[in-house]
Amino acid sequence: MKKSMRLIIITIILIFSLILSGCYDKNVLTVREGSLTRYPNVKIGDAFDSFFSEGKWKSFTSTENDEVVEFNGKAFWDNRPADYKFQFLVKGNSFELHTTSVNGNISNPFISAVIISKVMNTYEAKNGGSTQSPIKLDEKRPEPPVVKKKYPTPL
């Protein structure tokens, strides 16, 4: 009886260890807990988890030695179900959006910005209004993310 109880406890501890080790990834947490300049009060993880279904986060080191955080999720595109993929490059405690793709098609910077705006604005609407930082008329808007011609990993 004691051996079977000990085996059960060890099994439970191992399962929880595996689950928790998958949840704690420094790079994933950097992006999930981070925010975009235009939406300083919205955590990316909260907005993405709210907007996309079947969301999955992972990180890896690219073939070019870049630290990459990837989000995959499902949402609608042109009134049809679609698969979305976002890749963020992480450098220390900061990150930048590197690529966005819909159904395997890499989006240009304008489409990427539109998608991100839709995700963030939808989250804001569900959670009590705008948290965007106001843009002053004389302030220059940041450039949309630049999509490199050479990608760190195949999409």
Going by heavy atoms in the side chains, are Lys126 and Thr122 under 4.5 Å from each other?
yes

inquiry  = Any side-chain to backbone donor/acceptor pair from Ser94 onto Lys91? Under 3.5 Å, distance only.
reply    = yes

Next on the checklist: Determine whether Ser35 and Val42 satisfy the following criterion, side-chain contact (heavy atoms from CB on, under 4.5 Å), listing intermediate values before the conclusion.
Outcome noted: CA-CA 6 Å; Ser35 62; Val42 177; 5.7 Å; no

- request: Verify the cluster assignment for Phe76 and Phe48: are they in a single hydrophobic cluster under the rule of side-chain heavy atoms below 4.5 Å apart?
  value: no

- Just wondering, do Val69 and Trp57 contact through their side chains at under 4.5 Å, heavy atoms? yes

Strictly below 4.0 Å, N to O, side chains only: are Asp49 and Arg32 in salt-bridge contact? yes

Practice task
Using a cut-off of 6.0 Å, state whether more than 12 heavy atoms not belonging to Asp78 lie near its atom CG.
Solution key: yes

Between the CD atom in Glu33 and the NZ atom in Lys43, the distance rounded to the nearest 0.5 Å is 4.0 Å

The reported gap from OG in Ser62 to CD in Gln87 (rounded to nearest 0.5 angstrom) is 9.0 Å

Q) Do Thr30 side-chain atoms and Lys26 backbone N/O form a donor-acceptor pair below 3.5 Å? A) yes

**Report entry** Whether Asp66 side chain and Val68 backbone form a donor-acceptor pair below 3.5 Å
**Finding:** no

Classify the ring geometry of Phe71 against Phe86: parallel below 30°, tilted from 30° to 60°, perpendicular beyond 60°. tilted

*Would you please indicate if the ring centroids of Phe51 and Tyr123 are separated by under 6.0 Å?*
no

Residues Thr61 and Asn65: closest non-hydrogen pair is CG2-OD1, 3.5 Å

Asn121 vs Tyr39, test: side-chain hydrogen bond (donor to acceptor under 3.5 Å, both in side chains). Steps then yes/no.
CA-CA 9 Å; Asn121 289 331; Tyr39 303 89; 3.3 Å; yes

**Prompt:** So do the side chains of Ile115 and Trp77 get within less than 4.5 Å of each other, counting heavy atoms only?
**Reply:** yes

In this structure, NE2 of His98 is separated from CD1 of Ile106 (nearest 0.5 Å) by 8.5 Å

Would you please test Ser112 and Thr100 for side-chain hydrogen bond (donor to acceptor under 3.5 Å, both in side chains) and show each step? CA-CA 6 Å; Ser112 293; Thr100 303; 3.2 Å; yes

One should read off an interatomic distance between Asn27 CG and Glu67 CD, to the nearest 0.5 angstrom, of 5.0 Å

Exercise. May I ask you to test the Val102-Asp83 pair for a side-chain heavy-atom distance under 4.5 Å?
Key: no

Output, in order, the C-alpha distance, side-chain angles, deciding distance and verdict of side-chain contact (heavy atoms from CB on, under 4.5 Å) for Met120 and Ile44. CA-CA 8 Å; Met120 296 306 208; Ile44 290 174; 3.9 Å; yes

Side-chain heavy atoms of Ser59 within contact of Glu70, under 4.5 Å: no

